[in-house]
Trainee: 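Structure in structure tokens, see below.
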Amino acid sequence: MSFLNIDSVKDRTFDAIVIGSGISGGWAAKELTGKGLRTLVLERGRDVKHITDYPTTMMQPWEFQHLGQLTKEMREANPIASRCYAFREDATHFFIKDNEHPYVQEKPFDWIRGYQVGGKSLMWARGTQRWSDFDFEGPARDGFAIDWPIRYADIAPWYSYVEKFAGISGNKDGLPQLPDGEFLPPHEQSCVEKHFTDEMAKHYKGTRPIIIGRCAHLTKPQPIHYQQGRAQCQNRSLCQRGCPYGGYFSSNSSTLPWAAKTGKMTLRPDSVVHSIIFDEKKNGLTSGRATGVRVIDAHTKEMTEYYARIIFVNAACLNSNLILLNSKSNRFPNGLGNDNGLLGKYVAFHNFRTTISAEHDGFQDTTTEGIRPNSSYIPRFRNVFKQETDFLRGYAAGFGSSRMTTIDTSAMGEGLKSSLMQPKYGNWRVSSHMMGETIPKESNYVTLDSSLTDAWGIPQLKISVAYDDNDEKMIRDFHEQMSEMLTVAGFKNIQTHDVPDKAPGLDIHEMGGIRMGKDPKTSMLNKWNQLHACKNVFVTDGACMTSTSTQNPSLTFMAITARAADHAVKEMRKGLL
Ligand SMILES: Cc1cc2nc3c(=O)[nH]c(=O)nc-3n(C[C@H](O)[C@H](O)[C@H](O)COP(=O)(O)OP(=O)(O)OC[C@H]3O[C@@H](n4cnc5c(N)ncnc54)[C@H](O)[C@@H]3O)c2cc1C
Ligand code: SF4
């Protein structure tokens with residue numbers, strides 16, 4: 001027999017619950033607490049405190065047991081995680097280990113995750129471009145997926161809002177496909193990147209601009225950043241270790257401590273959300289609301305329920321899908337809000353499969369000094385103003401450069417030292433990686449495995465996501481166009497690199513499955529990110545995205561989250577939630 005402990009229920013009742021403490025969950029926590037809501041933030045991973053929990057951040061290369069490299073054992077034990085470029089000896093502690101969090105790959109998919117307070121905000125590469133109406137109007141114009149329920153004008157003020165707080169560096173380039181933001185001073189392009197920019201401007205008459213990347217680094221901190229306890233980025237480029245200066249934006253350095261300062265946040269690490277509780281009838285009346293969440297303690301595996309008036313789902317795209325799919329009730333036997341059977345479908349991502357590299361034998365009298373945690377960026381130029389190829393949409397690309405050096409490794413003692421201090425410089429080398437928009441399709445989906453569960457008894461996610469013909473055509477076009485552009489600019493030794501059997505996932509930009517839309521028959525969420533069928537549940541991470549654009553998505557997740565939180569609180573105050 002069990003007794004209802006009233007006090008305990010009271011203790012477990014909040015105004016709002018946020019599931020996940022990563023980039024989007026951090027913003028939900030900041031906004032909801034900032035507006036006075038007692039907010040419970042549930043995070044499945046361990047606590048990671050800003051600065052004190054960055055164990056490698058001040059280590060020198062020679063202090064690492066394996067000089068920063070992965071051992072064969074580490075690679076073999078983590079075949080998926082180790083495919084991510086950032087999974088190196090200095091940062092493996094922020095990545096989940098493959099065997100601890102299994103999932104089913106109906107089709108090969110590299111699912112890279114960071115389960116801890118701060119989520120992937122500690123690990124990300126910080127590229128932060130706004131999306132434009134070429135993105136929000138994309139599906140309607142080009143006839144795929146469904147129309148977005150919002151346009152750039154709906155989100156532009158929220159971009160400004162989050163940019164000012166997070167601190168985004170960039171140049172005002174005046175490009176319609178890449179709207180300017182509230183920028184801190186930009187990083188500089190290298191001489192070779194500038195050369196490429198100038199040659200492209202001449203040859204393509206302004207239709208293929210190359211710019212310095214926009215990124216979440218404090219190049220010139222403002223009072224709001226000092227108030228967060230953050231300081232100027234020191235250009236160390238060791239960001240994946242966690243930054244003791246708070247030089248880049250992470251939940252740990254920015255939104256979570258800000259939310260904590262309000263005294264309204266309860267952060268509960270090691271709390272694995274199992275599902276959302278849906279209440280069909282409350283006091284005999286039809287409630288039609290979610291009342292709380294079921295949480296499994298990561299260590300004791302004990303289940304506890306927490307309650308709130310509104311719930312923000314920010315577990316990152318695929319895990320948010322998993323939680324909703326696992327939230328079954330009489331009313332929603334196929335997952336919360338899933339009246340139309342679309343939950344988990346139309347998952348899309350960014351095509352990061354291919355790169356191109358080249359050399360330039362000019363600029364021999366220059367080299368780079370110091371490190372820059374950024375690179376140049378090639379905004380989308382294909383199919384922007386009109387459809388011009390046999391594939392839909394387009395790609396952006398990163399564009400970085402460095403001077404090749406050789407060290408005399410046969411030398412010893414003084415010889416080796418002086419070879420290290422004065423390496424022989426070779427040509428400039430550039431490389432560019434494609435970031436292609438993929439088309440959300442019903443055939444790219446996630447679902448729950450019917451028999452396999454994880455260590456917490458939660459069904460494993462089954463992922464069935466693959467490239468399609470559009471992606472293949474886009475890769476070929478990237479090779480052709482970039483080869484032409486590099487040739488025009490005098491680059492030599494141009495080499496394309498593609499591994500056709502490389503699985504999707506390493507973009508780490510999963511989106512969709514709980515998409516926004518105008519019509520409850522064809523979408524899961526309305527324009528405020530509320531489930532059509534359960535209005536007090538908001539999904540504001542990548543799962544809500546109707547299409548994927550070519551730009552990195554996290555800035556848009558932040559803006560969408562802040563916008564939805566504002567709406568939620570307004571609705572609550574009107575008594576509508
Ligand atoms: C190496 C790398 C480079 C990247 N570079 C960029 C970039 O340059 N630009 C860009 O825009 N994006 C980049 N990304 C992607 C970016 O990190 C993500 O888009 C972003 O973190 C997503 O935010 P989120 O809040 O949805 O998820 P996350 O930041 O992953 O946070 C989700 C949180 O939810 C928690 N969680 C999951 N399931 C549960 C559960 N059941 N119960 C409780 N908690 C749960 C997780 O532990 C995690 O802490 C990069 C990612 C990586 C790894
Ligand atoms: S580059 Fe800037 S943000 Fe990155 S670790 Fe160094 S100081 Fe921190």
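One-based numbering, in listed order, for ligands and for the atoms of each. These figures come from a predicted structure and were not determined experimentally.
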Trainee: What about F399 and Y377, are their ring centers closer than 6.0 Å?
Mentor: no
Trainee: Looking at CG of L336 and OG of S329, how far apart are the two atoms once the value is rounded to the nearest 0.5 Å?
Mentor: 7.0 Å
Trainee: Measure the shortest side-chain to side-chain distance between L324 and I276 over non-hydrogen atoms and say whether it is less than 4.5 angstrom.
Mentor: yes
Trainee: Identify which of G127, A216, A86, G114 has a heavy atom lying nearest to atom 8 (O) of ligand 1.
Mentor: G127
Trainee: Evaluate H509 against W124 for ring-ring contact (aromatic ring centres under 6.0 Å, His included), listing each step before the verdict.
Mentor: CA-CA 10 Å; H509 291 172; W124 69 319; 9.4 Å; no
Trainee: Which residue is it: T561, L525, I310? I am looking for the one with a side-chain contact (heavy atoms from CB on, under 4.5 Å) to F538.
Mentor: I310
Trainee: Numbering the atoms of ligand 1 from 1, which are under 4.0 Å from a heavy atom of Y115?
Mentor: 46 (C), 47 (O)
Trainee: Please state which protein non-hydrogen atom is closest to atom 31 (O) of ligand 1 and give its distance, to 0.1 Å?
Mentor: G22 CA, 3.2 Å
Trainee: In Å, rounded to the nearest 0.5 Å, how long is the span from CD of E182 to CD of Q222?
Mentor: 11.0 Å
Trainee: Give me the nearest non-hydrogen protein atom to atom 47 (O) of ligand 1 as residue plus atom name, then the distance to 0.1 Å.
Mentor: E43 OE2, 2.6 Å
Trainee: Between ligand 1 and Y85, is the shortest N or O to N or O distance under 3.5 Å?
Mentor: no
Trainee: For D507, is at least one N or O under 3.5 Å away from an N or O on ligand 1?
Mentor: no
Trainee: Any N or O on W124 sitting closer than 3.5 Å to an N or O of ligand 1?
Mentor: no
Trainee: Provide, to 0.1 Å, the distance between atom 24 (P) of ligand 1 and the closest protein heavy atom, together with that atom's residue and name.
Mentor: S24 OG, 3.6 Å
Trainee: Would you tell me whether Q228 and R230 have side-chain atoms, one donor and one acceptor, within less than 3.5 Å of each other?
Mentor: yes
Trainee: Ligand 1 versus V295, non-hydrogen atoms closer than 4.0 Å: side chain, backbone, both, neither?
Mentor: neither
Trainee: Which residue owns the protein heavy atom closest to atom 42 (N) of ligand 1, what's the atom, and how far is it?
Mentor: V273 N, 2.8 Å
Trainee: Sequence neighbours left out, what passes salt bridge (charged side-chain N to carboxylate O under 4.0 Å, His left out) with K35? Give chain and number order.
Mentor: D566
Trainee: Go through the steps to decide whether W131 and W148 satisfy the test side-chain contact (heavy atoms from CB on, under 4.5 Å), and finish with yes or no.
Mentor: CA-CA 13 Å; W131 292 23; W148 276 85; 3.8 Å; yes
Trainee: Pull out every atom of ligand 1 sitting under 4.0 Å from any heavy atom of D541, numbered as shown with elements.
Mentor: 26 (O)
Trainee: Are R353 and Y467 in a cation-pi contact, defined as NZ or CZ under 6.0 Å from the six-membered ring centre and within 45° of the axis?
Mentor: yes
Trainee: Determine whether H217 and H187 make a side-chain contact, defined as any pair of heavy atoms from C-beta on separated by less than 4.5 Å.
Mentor: yes
Trainee: Measure the spacing between NZ of K120 and CD1 of I112 and express it to the nearest 0.5 Å.
Mentor: 9.5 Å
Trainee: With atoms numbered from 1 as shown, which atoms in ligand 1 lie under 4.0 angstrom from a non-hydrogen atom of L42?
Mentor: 43 (C), 44 (N)
Trainee: With a heavy-atom distance limit of 4.0 Å, tell me whether H509 approaches ligand 1 through its side chain, its backbone, both, or neither.
Mentor: side chain
Trainee: For K97, does the NZ atom sit with more than 12 other heavy atoms under 6.0 Å from it, leaving out its own atoms?
Mentor: yes
Trainee: For ligand 1, which atoms sit closer than 4.0 Å to a heavy atom of Q116?
Mentor: 47 (O), 49 (O)
Trainee: Please test F87 against F95 for ring-ring contact (aromatic ring centres under 6.0 Å, His included), starting from the C-alpha separation and ending with a verdict.
Mentor: CA-CA 7 Å; F87 187 79; F95 287 75; 5.3 Å; yes
Trainee: For atom 2 (C) of ligand 1, which candidate among R113, M123, R268 holds the nearest heavy atom?
Mentor: M123
Trainee: Atom 28 (P) of ligand 1: which protein heavy atom is closest, and how many Å away?
Mentor: K120 N, 3.7 Å
Trainee: Contact between F165 and K30 at the side-chain level, heavy atoms closer than 4.5 Å - yes or no?
Mentor: yes
Trainee: Do D541 and S320 have side-chain atoms, one donor and one acceptor, less than 3.5 Å apart?
Mentor: yes
Trainee: Any nitrogen or oxygen of A125, side chain or backbone, less than 3.5 Å from one on ligand 1?
Mentor: yes
Trainee: Tell me: protein heavy atom nearest atom 23 (O) of ligand 1, and distance?
Mentor: I23 CB, 3.5 Å
Trainee: Using heavy atoms and a threshold below 4.0 Å, how should the contact between N314 and ligand 1 be classified: side chain, backbone, both, or neither?
Mentor: backbone
Trainee: Mind counting the protein N, O or S atoms sitting less than 2.8 Å from atom 4 (Fe) of ligand 2?
Mentor: 1
Trainee: For atom 18 (C) of ligand 1, which of S554, C317, C215, C84 has the closest heavy atom?
Mentor: S554
Trainee: Using a strict cut-off of 4.0 Å, indicate which atoms of ligand 1 neighbour a heavy atom of G20.
Mentor: 33 (C), 34 (O), 35 (C)
Trainee: Below 4.0 Å, non-hydrogen atoms only: which portion of S271 touches ligand 1? Side chain, backbone, both or neither.
Mentor: backbone
Trainee: May I ask you to check whether D270 and H299 show a side-chain donor-acceptor distance below 3.5 Å?
Mentor: yes
Trainee: What protein heavy atom sits nearest atom 39 (C) of ligand 1, and how far away is it?
Mentor: R44 CD, 3.5 Å
Trainee: Which atom pair, heavy atoms only, marks the closest approach of G68 to R88?
Mentor: O-CB, 3.7 Å
Trainee: Return the residue, atom name and 0.1 Å-rounded distance of the protein heavy atom closest to atom 51 (C) of ligand 1.
Mentor: I508 CG2, 3.7 Å
